[in-house]
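In what follows, every heavy atom counts, from backbone to side chain, and hydrogens, waters and symmetry copies are set aside.
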Amino acid sequence: MKRLMTWERDLVDAMYEYRQTRFSSRRIRKRVIFKHGDCNVVQGNVAKRRRRYLQDIFTTLVDAQWRWTLLVFACSFLISWAFFGLIWWTIAYAHGDLEWIDMRDHRPELIQNMTHTMCVTEVRSFISAFLYSIETQHTIGYGNRFVTEECPEAIFTICLQCITGVFIQAFMVGIVFAKLSRPKKRAQTLLFSRNAVICHRDGLPCLMFRVGDMRKSHIIEAHVRAQLIRKKVTKEGEVLPFYQQELKVGADGGEDRLMFIWPTTIVHKIDRHSPLYMLSASDMLKERFEVVCMLEGVIESTGMTTQARSSYLPTEILWGHRFVNVVSFRKETGEYEVDYTLFNNTYDVETPLCSSKELDDLKEEYAKTKSGLDRALSVGLLKHINSVASVDHMDPASDESLDSGRLHTRSNSIPNGTLASELEPLNNNTPSFTVGGSSILPSITSNFQSINEKINSTTANGTSNSTTGSSISHSASNSSLKKAKSTRRLSIKQDQLPVDSLC
């Protein structure tokens, strides 16, 4: 038994050393999860490791390579056959069966007047005892060898061997079945895109990767997770080399639950709550982190839970790319077809190279500047014009902010020359504004003196023709009241600079 325990310990050490060598030979880059899903982690200096592995021998054999499992499978039967064969030979030797068969075959004259009942018939040597052990354990029963009622120890041994044989068969068959039906093998048909991409979707920068399933049997209750692993220094100065941060992801920007019937793009919105909020395209090449992605679900055919894993390094994230569509409809068959040759293909799109924080700051600055421009116009310019004139149907596409033909005066106008004198500074000095570091000069091409002349001519015509002017005044008054509802605020036209291009 001590030799058997030593052999099992050597087997555990061999499996552990093989696994460590296999992973170290594939360790090319510093990453936690390989692209195919295996963990780049090897446990070392574990106290009482051999004993712990032997205590959970079933899991150890299931996780071991097939060569070690088949070796244990064969050795378990061979050792049990040999062990019980030795017991059967010992029983036959102690009962005198071996000597009786030898005299019967070679010296029959010595046993003519003797009678002898053997424990197990036709057990001549250890080889015949070994064959009888195989026949007993697997209930073969060829008929030449059988146990008799002469020896109670033989009856007890045959019962013990039958129980042991059933136990060994159930144990090894369970290991083989567990290895064949492992959910880990189902994860081999779940695909992750070779690269992740960063581009804009609905006005927000997003980190996206693609997942797919090659089989027709779907994954039920599929949901996806993503974590960012990188180094972090706490406020107290503690260094966390593998700090994990959860990334909020979802199918096409929604929930993490997937309708996993075709390849789906998983989206992480890079907003203020994202760990990637401060990273720009240049910072992406300098930073050291890893995005670990996990897809979990229930296998439809077996009901077992499976998990597929992959990871992306900063060098595997393409900035300014978007995935190619892989689903198309075939009119000939009336089916949707998935072309997996395009699964990893991307194409370039226009994407700002700045970080999401810088982009939000630019948008906020642009919004403040635009609102400040509107307030300046409303306070400085409309302060005098709104009390005198009503400007309606302004054309935003033209550079003419005031049109003399569209100016309607009211009956109680201000004295002549007042409007021109008050708007004289605006006629001589053109205001300027700064948006995103660029100076914008608003275009005001109207001649405010022509406005004063129009008011003078209108007043003169009203004095000379009192009767006609009275009717015109009433019609103009009614017209101005109707158009007052659609009056638009006077604004200075400015170039609409795209905020994204400022990056």
Student: Answer yes or no: is there an ion pair linking R230 with E290, defined by an N-O contact shorter than 4.0 Å?
Tutor: no
Student: With distance as the sole test, does H268 use its side chain to make a donor-acceptor pair with the main-chain N or O of V249 at under 3.5 Å?
Tutor: no
Student: Do the side chain of S133 and the main chain of W81 share a donor and acceptor less than 3.5 angstrom apart?
Tutor: yes
Student: Any side-chain to backbone donor/acceptor pair from T121 onto F146? Under 3.5 Å, distance only.
Tutor: yes
Student: Quick one: do E99 and R124 make a salt bridge, cutoff under 4.0 Å?
Tutor: no
Student: Identify each donor-acceptor pair in which a side-chain atom of residues 186-194 lies under 3.5 Å from a protein atom, sequence neighbours left out, and give them as a table.
Tutor:
{"unit_1": "R186", "atom_1": "NH1", "unit_2": "T189", "atom_2": "OG1", "d": "2.5"}
{"unit_1": "R186", "atom_1": "NH1", "unit_2": "D213", "atom_2": "OD1", "d": "3.3"}
{"unit_1": "R186", "atom_1": "NH2", "unit_2": "D213", "atom_2": "OD1", "d": "3.4"}
{"unit_1": "R186", "atom_1": "NH2", "unit_2": "D213", "atom_2": "OD2", "d": "3.0"}
{"unit_1": "R186", "atom_1": "NH2", "unit_2": "S217", "atom_2": "O", "d": "2.9"}
{"unit_1": "T189", "atom_1": "OG1", "unit_2": "R186", "atom_2": "O", "d": "2.8"}
{"unit_1": "S193", "atom_1": "OG", "unit_2": "N195", "atom_2": "O", "d": "2.9"}
{"unit_1": "S193", "atom_1": "OG", "unit_2": "R210", "atom_2": "N", "d": "3.2"}
{"unit_1": "S193", "atom_1": "OG", "unit_2": "Y312", "atom_2": "OH", "d": "3.2"}

Student: Taking atom CZ of F58 as the centre, does the number of heavy atoms from other residues, nucleotides or ligands within less than 6.0 Å exceed 12?
Tutor: yes
Student: Between W89 and Y93, how do the two ring planes meet: parallel, tilted or perpendicular, split at 30° and 60°?
Tutor: parallel
Student: Check this for me: does any side-chain nitrogen of one of D361 and K357 sit under 4.0 Å from a carboxylate oxygen of the other?
Tutor: yes
Student: Measure the shortest side-chain to side-chain distance between H116 and H95 over non-hydrogen atoms and say whether it is less than 4.5 angstrom.
Tutor: yes
Student: Between E365 and K363, is the closest basic N to carboxylate O distance under 4.0 Å?
Tutor: no
Student: Any salt bridge between K232 and E238, counting N to O under 4.0 Å?
Tutor: no
Student: Is it true that a side-chain atom of T60 and a backbone atom of Y53 form a donor plus acceptor pair closer than 3.5 Å?
Tutor: yes
Student: Considering non-hydrogen atoms only, spot the tightest contact between S355 and S280 and give its length.
Tutor: N-CB, 3.5 Å
Student: Can you name the nearest heavy-atom pair linking T351 to G320, along with the distance?
Tutor: OG1-CA, 3.4 Å
Student: Using a strict 4.0 Å threshold on nitrogen-to-oxygen distance, state whether E350 and R322 make a salt bridge.
Tutor: no
Student: Provide the closest heavy-atom pair for I219 versus G297 in the form atom of the first, atom of the second, distance.
Tutor: CG2-CA, 3.4 Å
Student: So for atom NZ, which belongs to K35, do other residues, nucleotides or ligands contribute more than 12 heavy atoms lying within a distance under 6.0 Å?
Tutor: yes
Student: Are the side chain of K179 and the backbone of A64 linked by a donor-acceptor contact shorter than 3.5 Å?
Tutor: yes
Student: Say whether, by atom type as modelled, one donor and one acceptor occur between the side chain of S274 and the main chain of L247 under 3.5 angstrom.
Tutor: no
Student: What orientation do F77 and F73 show, parallel under 30°, tilted 30 to 60°, or perpendicular over 60°?
Tutor: perpendicular
Student: Quick one: do R31 and S311 satisfy side chain to side chain donor-acceptor pair (under 3.5 Å)? Show the steps, please.
Tutor: CA-CA 8 Å; R31 61 194 316 157; S311 66; 2.9 Å; yes
Student: In plain terms, say whether R330 and E335 are close enough for a salt bridge, that is, a side-chain N and a carboxylate O under 4.0 Å apart.
Tutor: no
Student: Counting neighbours of CE on M304 that are heavy atoms of other residues, nucleotides or ligands and sit closer than 6.0 Å, is the number greater than 12?
Tutor: yes
